[in-house]
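The analysis underlying the following values was restricted to heavy atoms, covering all of them including side chains, and did not include hydrogens, waters or symmetry mates. Model, not experiment: these values are computed from the prediction. The chains referred to below are lettered A, B, ... by the order of the sequence lines, with proteins before strands, and numbering in each begins at 1.
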Protein chains: 2
Amino acid sequence: MGRKATIEESELMTRLSRVFRDVGYEGATLTSLSAETGLKKASLYHRFPGGKEQMAREVLEDAASWLEENLLSPLRGDGKPEARIRAMTRKLDEFYSGGKQACLLNMLTSARIQEGPFVKPIKDLFDVLIRTLADLLCEHGLEQDEARQRAERAVMLLHGSLVLSRGTGSTQPFKRFLKTLPDELIG
Amino acid sequence: MGRKATIEESELMTRLSRVFRDVGYEGATLTSLSAETGLKKASLYHRFPGGKEQMAREVLEDAASWLEENLLSPLRGDGKPEARIRAMTRKLDEFYSGGKQACLLNMLTSARIQEGPFVKPIKDLFDVLIRTLADLLCEHGLEQDEARQRAERAVMLLHGSLVLSRGTGSTQPFKRFLKTLPDELIG
DNA sequence: GTCTATAGGAAGATAGAC
DNA sequence: GTCTATCTTCCTATAGAC
């Protein structure tokens, strides 16, 4: 006891992210964030002077970076659209831990907060994901309207499958969604 | 000031439900529940000795009753399956206030609570909704597997559209989902 | 950069008058 | 059955030692 803790930056963000994804912004307490990271409250405040809000903001930025690097950038890359989409499904499986973890975007969204530090970033993430998917489908030969529609549909199915997985206590819905996703988009 | 409040049972449940649907279980405070209903904290405790947890439990039971009466029962009724499905879309539109309100099932679900008073009811609600939809599709002539798959997808799209609507601050995703739902199921 | 200790406030919950 | 007033607990945040 009383031993000094130490934690790597990326691991720190991962642990914080897990708490917010599990219980949402309101449900996350300094105590739980401290327990999950191994850092005492005062240490967390040293790293995040803005407290819980800053932690959630940085976790969100971290997720946006991951998304850009691991999902969006590859989607914009070259190679057959079909192959890029299959690569995306593998990354989604990884990002959501096979359906065991909820989506940060869902867990950080609450009505009654029309403004606030999360509203704009979350909306932007949804928008860019749908847009990037739609662009890929256009490139694959679909009409713009149809592409946009299918992209939005895929994002709905993604988040719906996560809600359903969490609600039923089974990762099956998410896994089934992943399996049908390529056909959903370009089938 | 100091005036006694009074509120009808069904209106009370509606108000409480709105708070939980807006900010989730952890986000709902006795203060906000009191403000929304007009009843002081002590009055809420008189009606719900179990406090916030009992309020959420009863709100969930209330939602289950509404679902059974307004969605499931009509789905099992007679009339052409297509007509029953269109009736369902209208009820969904009403239940979710045109996409402005989140789903209670999503907002009361949090990981880290593998047990607890909400887990079982929520799972049961998801299951019965999917099962009832699947039965209807079977009746309409679809194979059991295909029916089950489409029913699950429809529920995913419903919840995904609500997540997306909330996250983007627009009811458009939910409205678009409602429009395509009949084709989604029996098209 | 982490810790212990604690201040200050909000949250859940209760007692008792009306 | 609703209220005011209060209690206790938990949470956010800070001070200061190491």
Going by ring-ring contact (aromatic ring centres under 6.0 Å, His included), name the residues that satisfy it together with Phe20(A), two or more places apart in sequence or in a different chain. none
Only pairs under 3.5 Å count here: list side-chain donor-acceptor contacts from residues 71-78 of chain A, not counting sequence neighbours, and write none if there are none.
from	atom 1	to	atom 2	distance (Å)
Arg76(A)	NH1	Glu68(A)	OE2	2.9
Arg76(A)	NH2	Glu68(A)	OE1	3.2

Phe118(A) meets the ring-ring contact (aromatic ring centres under 6.0 Å, His included) criterion, sequence neighbours left out, with Tyr25(A)
Strictly under 4.0 angstrom, non-hydrogen atoms only: write out the protein contact profile of nucleotides 13-18 of chain D, one letter per nucleotide from the 5' end, B, S or -. BBB---
Name every residue in residues 109-118 of chain A that has at least one heavy atom under 4.0 Å from any atom of DNA chain D, in order of residue number, or write none if there are no such residues. none
Applying side chain to side chain contact (heavy atoms under 4.5 Å, CB included), can you list everything that pairs with Gln114(A), at least two apart in sequence or on another chain? none
Once ring-ring contact (aromatic ring centres under 6.0 Å, His included) is applied, do any residues pair with Phe95(B), and if so which ones, sequence neighbours excluded? Trp66(B)
Any salt bridge between Arg18(A) and Asp22(A), counting N to O under 4.0 Å? no
Quick check on the helix from dG1(C)-dC18(D) to dC18(C)-dG1(D): what's the angle between its two end axes, five base pairs per end, to the nearest 10°? 0°
Between Glu11(B) and Arg15(B), is the closest basic N to carboxylate O distance under 4.0 Å? yes
Listing request: all side chain to side chain donor-acceptor pair (under 3.5 Å) pairs with a residue in residues 163-173 of chain B, at least two apart in sequence or in separate chains. Asn106(A)-Arg166(B)
I need the residues from residues 16-24 of chain A with at least one non-hydrogen atom less than 4.0 Å from DNA chain D; give them sorted by number, or say none. none
Sequence neighbours left out, cut at 3.5 Å: what donor-acceptor pairs do the side chains of residues 177-187 of chain B make with other protein atoms?
from	atom 1	to	atom 2	distance (Å)
Thr180(B)	OG1	Arg176(B)	O	3.4
Thr180(B)	OG1	Phe177(B)	O	3.1
Glu184(B)	OE1	Arg153(A)	NH1	2.4
Glu184(B)	OE2	Arg153(A)	NH1	3.3
Glu184(B)	OE2	Arg153(A)	NH2	2.9

Show every salt bridge (charged side-chain N to carboxylate O under 4.0 Å, His left out) that has at least one partner inside residues 127-136 of chain A, sequence neighbours left out. Lys123(A)-Asp127(A)
